[in-house]
Amino acid sequence: MARVTVGPCQGCGACLLTCPVHAIRPTPAGLRVTDRCTGCLECLEICPVDAIRVDPEPRGDR
C-alpha cells in the first residue's frame, strides 16, 4: 500500500489527478491514501518532490 508522507508534500495535487481509482484524499492533516489503493504506484511516478513512499507489506505469521 502506498502512503503520502506529509513532510515533503507541497500540495500540488498531481497525485490526486493521477490516481486511477481516486484513492488519495485531502484531509485537514494533509493527504492520505485510502484502502481503495491498488498499488499501481502511478502517484509515486508523478510526485515532483518524492512525497510518496511505499510501505512494506506486513509480514504474517508462518
Which pair of non-hydrogen atoms, one from Ala23 and one from Cys37, has the smallest distance, and what is that distance? CB-N, 3.5 Å

Considering all heavy atoms of both residues, which atom of His22 and which atom of Arg36 are nearest to each other, and what is their separation? O-NH1, 4.3 Å

Answer with yes or no whether the hydrophobic clustering places Leu17 together with Ile46; edges join I, L, V, M, F, W, Y residues whose side-chain heavy atoms lie under 4.5 Å apart. no

Heavy-atom closest pair (Cys9 atom, Leu31 atom, distance to 0.1 Å) is SG-CD1, 3.8 Å

Say whether Leu16 and Val33 are linked into one hydrophobic cluster, either directly or through other cluster members, by side-chain heavy-atom distances under 4.5 angstrom. yes

Rounded to the nearest 0.5 Å, the CD1 atom of Ile52 sits from the SG atom of Cys47 at a distance of 5.0 Å

Give, for atom OG1 of Thr34 and atom CD1 of Ile24, the distance between the pair rounded to the nearest 0.5 Å. 8.5 Å

